[in-house]
Amino acid sequence: MSEEKGSRVSMDWIDPVIHSPNRLKIIVELYVVEAADATFLLNRTGLTWGNLSTHLGKLEESGYVAVEKGYDGKKPRTMIQLTDRGRTAFQDYRAKMQKTLENLPD
């Protein structure tokens, strides 16, 4: 298999926080809703509580999500939403990924 000179596609733009498969699942779910509770994300992503918590921590550290803990009556409830920064980062990621894939040779 030969490689054409200059055919390498640069992927230096990839945001490693978003590109992680499990964090990408979380961001995609949050992108289409105003906010979601942790149970919703747990069910939609198929992650365990521990994995969800770890990935939400990384997304929160990056400023991509806001996590608000509170109560619904007497039950604890954790609400998560994309921040403006997270929404912008995902839109940029998506646009660059689409362009990268469109520019690949057939």
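Side chains are part of it too, since the values below use all heavy atoms of this structure and drop only hydrogens, waters and symmetry mates. Heads up: numbering here begins at 1 and tracks the sequence.
- Residues Y71 and M79 fall into different hydrophobic clusters, defined by Ile, Leu, Val, Met, Phe, Trp and Tyr side chains chained together at heavy-atom separations under 4.5 Å.
- Crowding of Q98 atom CD: a count of heavy atoms from other residues, nucleotides or ligands under 6.0 Å exceeding 12.
- Annotation: K58, atom NZ; neighbour count of heavy atoms from other residues, nucleotides and ligands within 6.0 Å does not exceed 12.
- Atoms NE2 and CG, from H55 and L59 in turn, are 8.5 Å apart once rounded to the nearest 0.5 Å.
- The side chain to side chain donor-acceptor pair (under 3.5 Å) with Y64 is formed by just one residue from the set D84, T83, D15; it is D15.
- Other residues, nucleotides and ligands contribute at most 12 non-hydrogen atoms within 6.0 Å of the CD atom of E68.
- Remark: the backbone N or O of T88 is not paired with any side-chain donor or acceptor of D92 at under 3.5 angstrom.
- Summarising the geometry, atom CG belonging to L82 is positioned 11.5 Å from atom CD belonging to E34; distances are rounded to the nearest 0.5 Å.
- Between atom CD1 of residue I26 and atom OG1 of residue T45 there is a gap of 6.0 Å, rounded to the nearest 0.5 Å.
- Here the shortest heavy-atom pairing between V33 and A36 reads CG2-CB, 4.2 Å.
- R85 approaches G63 most closely through the heavy-atom pair CB-O, 3.7 Å.
- The hydrophobic clustering, which links ILVMFWY residues whose side-chain heavy atoms are closer than 4.5 Å, places V67 and I18 together.
- Shown here is R87, whose CZ atom has more than 12 heavy atoms of other residues, nucleotides or ligands within 6.0 Å.
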Please assess T100 against W13 for the test side-chain contact (heavy atoms from CB on, under 4.5 Å), listing each intermediate value before the final yes or no. CA-CA 10 Å; T100 299; W13 58 265; 3.4 Å; yes
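- Side-chain contact check for L47 versus T54: every heavy-atom pair is 4.5 Å or farther apart.
- Distance check: W49 CH2 to L42 CG gives 5.0 Å after rounding to the nearest 0.5 Å.
- Scanning all heavy atoms of the two residues, the minimum distance from R23 to P16 falls at NH2-O, 3.4 Å.
- Distance check, rounded to the nearest 0.5 Å: CD1 of I14 to NZ of K96 gives 10.5 Å.
- To the nearest 0.5 Å, atom OH of residue Y31 and atom CG of residue L24 are 12.5 Å apart.
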